[in-house]
**Q** 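The structure under discussion is supplied below as C-alpha cells; questions concerning it will follow.
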Amino acid sequence: MTLSPLDDYPIHQVPEVMRHVGTSDRNFYDRYYFNCHPCSDELMLIIGVGQYPNLGVTDAFAVVRRGPVHKAVRASRELGLDRMNTEVGPFRVEVIEGLKKLRVVLEDNEHGLSFDLSWEGSIPAQVEPQHYLRWQERVVFDSKRMAQTGCWSGSITVDGETIEVTPDHWWGTRDRSWGIRPVGESEPPGIQIKNAGTFYWLYTPIQFEDHSILCIVQEDEKGRRVLEEAVRVWPDPAREPEYLGRPEYQPVYAEGTRDVVTATISFSPPGGKPFEVRATPILPVHLMVGTGYGLEPDWKHGMYQGPELKVQGVTYDTTRDEDAARMWGLVDAVGRFEYEGRVGYGLFEYWALGPHPSFSE
C-alpha cells in the first residue's frame with residue numbers, strides 16, 4: 001500500500017490511503033465539468049477532467065462548437081499515485097479558492113484548440129440530490145454532484161484565432177461529480193442485453209442577473225420520476241435557496257425527431273406563485289461526439305489508452321452529411337431562458353432515449 005501527498009491532509013473517509021476509494025466498483029469516477037459561452041449562439045466550449053481510481057486512468061477533453069465546426073481535443077494517461085495532480089498532458093485544473101474560483105487550461109497544441117480560463121462562481125455551489133439507479137440487478141448510477149453558475153475571464157484560441165473572454169457576458173455552469181456511473185471499456189452485457197433502457201433527461205442550471213435556477217428532471221420508461229430538483233439560488237450565501245416544488249417539463253420537438261426546438265418548464269413553489277420558464281436551445285453541442293461520453297469504441301471515459309500519454313484531436317463539419325450523422329445522443333446546448341420579463345442564459349442539457357409516455361411511437 002503506497003501513500004500519496006493527499007494522505008498528509010486530515011480528510012480520510014475510510015480506513016484506506018486516500019488514493020483508494022471506499023468501493024471496489026470499477027465504475028467509480030471523480031470528475032470536473034465546465035461549460036463556457038458568450039450568452040449567444042456564437043460559441044460553446046465544454047471541458048471535462050476525470051479520474052477513475054479503480055481503473056488506474058485519468059483523462060480530459062475539451063469540445064468547442066463554433067458555427068458548423070465541432071472540434072474536440074482529448075488526452076489520457078495512467079493515474080499514478082498522486083490524485084492531487086490534475087494534469088493530463090496539455091490539460092490541467094487549478095483550484096484557486098475552493099467552491100469559488102478555479103483555473104482551467106489547455107496548453108497550445110497541434111489540434112487547433114487551446115485556452116486559459118478563470119472561473120468565478122456567481123452563487124454558492126449547491127449539492128444536488130443523490131443520483132441512484134438500479135437497472136436489471138446492477139447499480140448503474142450512485143453518484144453525488146454539486147453545481148454552480150458563474151462567469152469566465154481569459155482567452156480561447158480556435159484555429160489560430162484568439163477570442164478574449166470577459167466576465168460581463170461570458171457565462172457558464174460547472175459541476176463536480178463523483179461516485180458510480182458507466183465508464184471504461186465495454187463490459188459483457190449479460191442480462192442488460194434484454195432492454196437498452198430509457199434515459200429521459202433534462203438538466204438546466206440557469207443564470208439570471210440577480211439569481212439562478214437549478215432544475216433536473218429524469219423519468220423512466222413509465223414516466224415515473226427517477227431524479228428531480230428545482231431551486232432558486234441567490235448570490236448571498238446567507239439567503240437560503242428557495243425550493244420550487246415539482247418541476248414539469250414540456251418539450252416541443254422538431255418534426256420527426258427528438259431534437260428540442262423549445263420547451264416550457266413549470267414551477268410551483270409551495271406557498272408561492274407558480275411560474276413558467278420558456279427555454280430555447282440556441283447552440284447545440286453533441287456531448288457524446290469526440291469527448292469520451294460513449295459513442296466511440298476506442299475512446300471512452302476511463303478507458304486505458306496504454307502506458308504513455310495519449311493526446312488526440314478530432315474535428316467535424318456539421319454541414320457535411322457524414323459528419324452531421326455522427327451528431328447523436330446527449331445534447332448540451334447554450335440555452336436562452338425567459339420568465340416574468342427576465343432573460344437568462346445557461347445550460348439546456350437533454351436526451352430522450354427509448355420508450356416514454358410522451359412519445360407515440
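Computed from a predicted model, the values in this text were never measured in an experiment.
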**Q** Within the 3.5 Å criterion, strictly below it, is a donor on Glu221 or Tyr200 matched to an acceptor on the partner's side chain?
**A**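 Their side chains do not contain a donor-acceptor pair, so the 3.5 Å distance test is not met.
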
**Q** Shortest non-hydrogen contact from Val233 to Pro124?
**A**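 Heavy-atom minimum between the residues: CG1-CD, 4.3 Å.
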
**Q** Any cation-pi pair here, Arg176 with Tyr33, using under 6.0 Å and within 45°?
**A**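 That pair does not qualify as a cation-pi contact.
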
**Q** For Ser122 and Thr149, test the side chains for any donor-to-acceptor distance below 3.5 angstrom and give the result as yes or no.
**A**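 A donor-acceptor contact under 3.5 Å links the two side chains.
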
**Q** Determine whether Phe34 and Phe115 satisfy the following criterion, ring-ring contact (aromatic ring centres under 6.0 Å, His included), listing intermediate values before the conclusion.
**A** CA-CA 13 Å; Phe34 305 88; Phe115 48 80; 9.3 Å; no

**Q** Looking at every heavy atom in both Ile96 and Arg103, which two are closest together, and how far apart are they?
**A**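 Closest approach of Ile96 to Arg103: CG1-N, 4.1 Å.
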
**Q** Within 45 degrees of the axis of the six-membered ring of Tyr293 and under 6.0 Å from its centre: does Arg31 put its NZ or CZ there?
**A**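 Yes, a cation-pi geometry.
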
**Q** More than 12 foreign heavy atoms under 6.0 Å from CG of Asp8: is that the case here?
**A**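 Open: at most 12 neighbouring heavy atoms sit under 6.0 Å from CG of Asp8.
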
**Q** More than 12 non-hydrogen atoms from neighbouring residues, nucleotides or ligands closer than 6.0 Å to CG on Asp298, yes or no?
**A**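 Enclosed.
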
**Q** Measuring from Gln148:CD to Ile123:CD1, what's the distance to the nearest 0.5 Å?
**A**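 With rounding to 0.5 Å, CD (Gln148) is 6.5 Å from CD1 (Ile123).
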
**Q** Do Phe267 and Phe275 have ring centroids that are under 6.0 Å from one another?
**A**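 Under 6.0 Å, so yes.
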
**Q** Begin from the C-alpha positions of His12 and Asp7 and carry the test side-chain contact (heavy atoms from CB on, under 4.5 Å) through to its verdict.
**A** CA-CA 8 Å; His12 293 80; Asp7 285 296; 2.7 Å; yes

**Q** Assert yes or no for the condition that the ring centre distance of Trp299 to Phe61 is strictly below 6.0 Å.
**A**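 No, the ring of Trp299 stays outside the 6.0 Å limit from the ring of Phe61, centre to centre.
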
**Q** Check Val231 against Tyr243 and note the closest heavy-atom contact, atom names and distance.
**A**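 For Val231 and Tyr243, the tightest heavy-atom pair comes out as CG1-CA, 4.4 Å.
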
**Q** Of the non-hydrogen atoms in Trp170 and Cys36, which two are nearest, and what is the gap between them?
**A**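 Reported closest heavy-atom pair: CE3-SG, 3.6 Å.
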
**Q** Set out, in order, the CA-CA distance, both residues' side-chain angles and the distance that settles side-chain contact (heavy atoms from CB on, under 4.5 Å) for Asp25 and Asp142, then state yes or no.
**A** CA-CA 11 Å; Asp25 192 312; Asp142 186 7; over 6 Å; no

**Q** Rounded to the nearest 0.5 Å, what's the gap from OH on Tyr249 to CD1 on Ile265? Could you check?
**A**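 One finds 7.5 Å between OH of Tyr249 and CD1 of Ile265.
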
**Q** Less than 6.0 angstrom from the centroid, inside 45 degrees of the normal: does Arg326 satisfy that with respect to the ring of Tyr316?
**A**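 No; the conditions do not both hold, so Arg326 does not lie above the ring face of Tyr316.
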
**Q** Do any N or O atoms from the side chain of Asp59 and from the backbone of Ser76 form a donor-acceptor pair under 3.5 angstrom?
**A**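 It does not hold such a pair.
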
**Q** Are Asp159 and Arg66 ion-paired here, with the side-chain N under 4.0 Å from a carboxylate O?
**A**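 No, Asp159 and Arg66 are not salt-bridged.
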
**Q** For Pro68, is there any backbone N or O sitting under 3.5 Å from a side-chain donor or acceptor partner on Thr318?
**A**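 At least one qualifying donor-acceptor pair exists.
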
**Q** Assigning hydrophobic clusters by single linkage (Ile, Leu, Val, Met, Phe, Trp, Tyr; side-chain heavy-atom cutoff under 4.5 Å), is Leu202 placed with Val331?
**A**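 Leu202 clusters together with Val331.
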
**Q** Please find the pair of heavy atoms, one from Gln305 and one from Lys310, that lie closest to each other, and give the distance.
**A**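 Taking every non-hydrogen atom into account, OE1-NZ, 3.5 Å.
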
**Q** Using 0.5 Å steps for rounding, measure from the CZ atom of Arg174 to the CG atom of Leu347.
**A**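 Reported value, rounded in 0.5 Å steps: 14.5 Å.
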
**Q** State which residue, out of Trp234, Tyr339, Trp171, fulfils the ring-ring contact (aromatic ring centres under 6.0 Å, His included) condition with Phe208.
**A**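 Exactly one option meets the ring-ring contact (aromatic ring centres under 6.0 Å, His included) with Phe208, and it is Tyr339.
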
**Q** Cut-off 3.5 Å, side chains only: do Asp116 and Ser155 have a donor facing an acceptor?
**A**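 On atom types as modelled, these side chains do not qualify, holding no pair under 3.5 Å.
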
**Q** Can you tell me if Glu296 uses its side chain to pair, donor with acceptor, with the backbone of Gly290 under 3.5 Å?
**A**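 Yes; judged by distance alone, with no hydrogens or angles, the pair exists.
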
**Q** Can you tell me how far the CG atom of Asn109 sits from the CD atom of Gln312, to the nearest 0.5 Å?
**A**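 Nearest 0.5 Å value for the CG-CD distance: 12.5 Å.
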
**Q** Any side-chain donor-acceptor pair under 3.5 Å between Glu242 and His211?
**A**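 Note: Glu242 and His211 side chains miss the donor-acceptor criterion.
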
**Q** For Glu209, is the CD atom crowded, meaning more than 12 foreign heavy atoms sit under 6.0 Å from it?
**A**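 Not buried by this count: 12 neighbours or fewer within 6.0 Å.
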
**Q** Which pair of non-hydrogen atoms, one from Phe348 and one from Thr204, has the smallest distance, and what is that distance?
**A**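 Minimum heavy-atom separation between Phe348 and Thr204: CD1-CG2, 3.7 Å.
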
**Q** For the residue pair Tyr32 and Phe91, is the inter-centroid distance of their aromatic rings smaller than 6.0 Å?
**A**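 Ring centroids of Tyr32 and Phe91 are no less than 6.0 Å from each other.
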
**Q** Taking atom CD of Glu97 as the centre, does the number of heavy atoms from other residues, nucleotides or ligands within less than 6.0 Å exceed 12?
**A**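 Atom CD in Glu97 is packed in, count exceeds 12.
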
